[in-house]
Amino acid sequence: MAERIFEIPLYPYRRSRDQDASAPVRHPVVVVGAGPVGLAAAIDLALQDVPVVVLDDNEKVSFGSRAICFAKRPLEILDRLGCGEEMAAKGVQWDTGKVFCRDHEIYAFRLLEEEGHKFPAFINLQQYHLERYLVERLRALQAEGKPVDLRGKNKVDAIGRHEDHVTLEITTPEGPYNLEAEWLIACDGANSSMRRMLGIDFVGQVFEDNFLIADVVMEADFPSERWFWFDPPFNPEQSALLHKQPDNLWRIDFQLGWDIDREKELRPENIDRRLRAMLGDDIEYELEWSSIYTFQCRRMEKFRHGRVLFAGDAAHQVSPFGARGANSGFQDTDNLVWKLKLVLEGHAPEALLESYNEERVMAADENILNSTRSTDFITPKSETSRIFRDAVLDLAAHHDFARPLINTGRLSVPATYDGSALNGPDADGLPRALRPGAPAVDAPLKEGWLLERLGNRFQLLAIGTAAEKGLELGGVEIETIHLSPDESPELAARYLGDAQSAVYLLRPDQHVAARWRAFDRRAVLEALARATAQGEA
Amino acid sequence: MAKLETSPNIPAADEFFAALLAAHEGLSKEESDALNARLILILANHLGDMEVLEEALKIARNPGAASG
Ligand SMILES: Cc1cc2nc3c(=O)[nH]c(=O)nc-3n(C[C@H](O)[C@H](O)[C@H](O)COP(=O)(O)OP(=O)(O)OC[C@H]3O[C@@H](n4cnc5c(N)ncnc54)[C@H](O)[C@@H]3O)c2cc1C
């Protein structure tokens with residue numbers, strides 16, 4: 001077999017000048033971990049001209065096969081970072097899902113995409129491709145002279161917390177060196193050593209289950225559909241999932257139960273037996289990857305610990321049902337980076353970072369809740385829950401009404417930060433989906449897309465009315481954008497509803513800070529002060 | 001205000017009860033449990049109103065508690 005992408009060093013070790021410095025060099029931001037979340041954080045910071053160093057003890061993309069499903073909101077974030085289009089183009093979409101129970105199909109459904117968005121509801125793309133695009137984007141920014149440095153084979157062995165900085169002890173193939181960071185973003189994954197070094201608990205629920213994942217290359221023209229089985233003959237009492245990825249690659253998930261012999265299950269002949277029972281004896285395939293995983297649902301109590309900020313799997317973990325792991329990790333750094341930039345520039349107090357904790361903990365709880373519910377449906381925890389689960393499946397074969405109760409994973413949708421301390425006033429009569437705390441929703445414009453115009457700074461979006469330009473408060477500037485409701489029916493429907501006009505104050509992460517029916521200078525500046533925690537200690 | 005109907009609402013109470021038992025006749029415990037689960041789901045969907053359903057769940061869980 002040809003060398004697989006996750007076996008090729010993408011960012012091999014190179015000696016850094018910092019290793020020859022006589023005293024530890026201090027950087028504004030150090031990111032630990034170059035997984036999807038750490039890379040996104042680094043790209044975002046570099047785009048904002050905040051110097052950043054990324055350290056990873058590896059030098060390759062994520063080993064083997066992990067995430068495959070990436071949802072609309074993360075794609076929009078990745079587009080803001082400059083690499084969403086390539087990913088969407090490479091990824092595959094499915095529009096038909098089938099649910100099977102035992103030996104028969106219960107029902108098939110078509111996914112109806114809402115029109116008028118640049119990105120689809122989700123794509124399937126191997127995590128290693130996604131990470132490769134991120135590394136390429138980071139390299140392109142570097143070539144443009146942006147202040148970002150990615151250091152492979154740099155393992156962080158110890159950190160020390162201080163009033164105004166963090167110290168790091170790092171091991172490289174050429175020996176150890178030390179660094180200092182004003183702020184450290186810990187994106188070092190589920191087994192976060194940063195978390196351990198700070199002695200922080202990570203409590204939650206370990207699900208008593210094992211899943212065998214097999215990525216197989218099949219040339220056969222198998223339909224591009226998502227198939228989910230409950231209690232299939234080839235995996236009795238358990239579930240199974242079939243999903244398409246780019247490059248004729250198929251992801252197959254077999255639920256195995258708790259009490260298993262891992263080594264035995266992973267033997268190629270046993271995997272082959274399962275695959276043939278499922279797909280038929282005459283299939284031809286090549287096994288690209290297989291592994292067994294168990295998962296957990298848990299989060300840290302707080303994502304901010306002084307000058308150490310946790311993001312991605314290091315901060316929270318969910319079951320894979322609903323694809324909320326990496327998807328929510330991108331939303332973490334999306335939320336964090338603009339706040340960190342304002343604090344570093346002295347335009348906002350450190351208190352602003354508490355809102356990172358508040359907002360993303362809220363989102364993590366929502367993700368954990370959703371993925372726990374899916375898990376409970378797929379793997380009933382008691383006799384009674386199994387009886388109800390099976391009743392739903394039996395009814396669904398004949399009656400539409402039971403189908404929404406089937407839960408094989410709810411697609412990751414972004415959290416709305418209801419009740420966040422950063423939210424300003426809402427206005428009556430505007431669509432609820434875009435209330436303060438919600439992420440801006442895309443809409444087509446005469447040229448391009450709305451979201452292409454939004455982000456990276458505070459913006460005042462005035463639709464069907466006039467708003468002042470050049471507003472500023474404590475060094476934070478607001479860019480004013482005027483749009484006519486005639487740009488597109490979607491824009492008018494999503495942002496105005498039945499109203500004639502609206503003024504939205506948007507944060508640099510494209511979330512709504514406040515909104516009004518008409519421009520009011522004082523109200524906008526008050527909302528900006530609130531959204532940047534100005535006036536707080 | 002309570003939305004769940006808790007005063008008698010089935011005119012032919014005896015008929016209904018007999019029909020309920022008849023539906024279970026000849027079933028094993030396991031089959032009966034499955035029938036009950038399906039029945040609950042069918043009726044819950046018919047009601048549809050989350051407030052009503054929550055009230056019903058509360059009373060079912062604890063029949064002695066005050067309703068409403
Ligand atoms: C089978 C499976 C399927 C999944 N499917 C999906 C899906 O469809 N959609 C989805 O969104 N998510 C999915 N996930 C979850 C997703 O893979 C993770 O959420 C994602 O990888 C988390 O990214 P991260 O950057 O936080 O951490 P990681 O990807 O784990 O990266 C952490 C990085 O930190 C580095 N590191 C660790 N310790 C140190 C140290 N001391 N010093 C330096 N570097 C260090 C590691 O080398 C690594 O590169 C799935 C996971 C699995 C296992």
Side-chain angles (χ1 to χ4, degrees), chain A residues 99-109 228-233 236-239 257 365-366 369-370 372-410 413 416 418 432-433, chain B:
Chain A
V99 178
F100 300 84
C101 184
R102 294 181 280 275
D103 57 355
H104 59 277
E105 181 183 323
I106 306 181
Y107 76 108
F109 58 94
F228 196 99
W229 283 265
F230 292 97
D231 192 15
E237 306 270 313
Q238 309 287 359
S239 65
D365 283 344
E366 198 173 298
L369 178 73
N370 275 293
T372 304
R373 285 177 175 168
S374 306
T375 310
D376 287 345
F377 192 87
I378 293 163
T379 316
K381 295 286 172 301
S382 69
E383 200 194 332
T384 303
S385 52
R386 179 176 291 277
I387 290 171
F388 275 110
R389 200 279 306 272
D390 291 345
V392 168
L393 294 175
D394 289 342
L395 287 167
H398 309 285
H399 302 280
D400 287 357
F401 84 82
R403 292 175 187 170
L405 297 173
I406 296 183
N407 189 343
T408 64
R410 300 282 183 231
V413 289
T416 293
D418 284 316
R432 188 176 140 73
Chain B
M1 256 242 307
K3 285 179 84 183
L4 181 75
E5 183 57 76
T6 52
S7 44
N9 194 35
I10 305 176
D14 289 350
E15 265 87 307
F16 162 67
F17 201 74
L20 183 61
L21 296 189
H24 282 274
E25 234 166 64
L27 298 187
S28 67
K29 168 85 172 89
E30 202 180 313
E31 289 163 338
S32 264
D33 286 348
L35 184 152
N36 280 335
R38 289 196 294 269
L39 184 62
I40 289 169
L41 294 171
I42 292 165
L43 297 176
N45 180 68
H46 182 80
L47 290 169
D49 185 327
M50 195 61 193
E51 250 179 86
V52 174
L53 292 170
E54 270 169 2
E55 248 181 271
L57 286 168
K58 216 162 71 193
I59 297 178
R61 169 100 194 185
N62 186 0
S67 65

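In this text the structure is predicted, and so the values were computed from the model without any measurement.
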Next item on the list: With a 4.5 angstrom heavy-atom cut-off, could you sort out which part of A/Asp394 is near chain B: side chain, backbone, both or neither?
Entry: side chain

Note to self: Does atom CZ (A/Arg373) have a neighbourhood of more than 12 heavy atoms from anything else shown, all under 6.0 Å?
What the structure shows: no

Notebook entry, point to check: Sub-3.5 Å donor-acceptor pair from the side chain of A/Asp231 to the main-chain atoms of A/Pro236, do we have one?
Noted result: no

Margin query: List the residues meeting ring-ring contact (aromatic ring centres under 6.0 Å, His included) with A/Phe388, not counting sequence neighbours, and say none if there are none.
Written below: none

Notebook entry, point to check: With distance as the sole criterion, is a donor-acceptor pair present between the side chains of B/Ser7 and B/Glu5 under 3.5 Å?
Noted result: yes

Check: Of the backbone (N, CA, C, O) and the side chain (C-beta and beyond), which part of B/Ile42 lies under 4.5 Å from a heavy atom of chain A, both, or neither?
Finding: both

Check: Are the side chain of B/Asn45 and the backbone of B/Leu41 linked by a donor-acceptor contact shorter than 3.5 Å?
Finding: no

Notebook entry, point to check: With under 30° as parallel and over 60° as perpendicular, where do the rings of A/Phe100 and A/Trp229 fit, or are they tilted in between?
Noted result: parallel

Note to self: Donor-acceptor check, side chain of A/Glu383 to backbone of A/Ser385, threshold 3.5 angstrom: yes or no?
What the structure shows: no

Next item on the list: With chain B as the partner chain, list the residues of residues 400-407 of chain A whose heavy atoms fall under 4.5 Å from it, by residue number, and write 'none' if nothing qualifies.
Entry: A/Phe401, A/Leu405

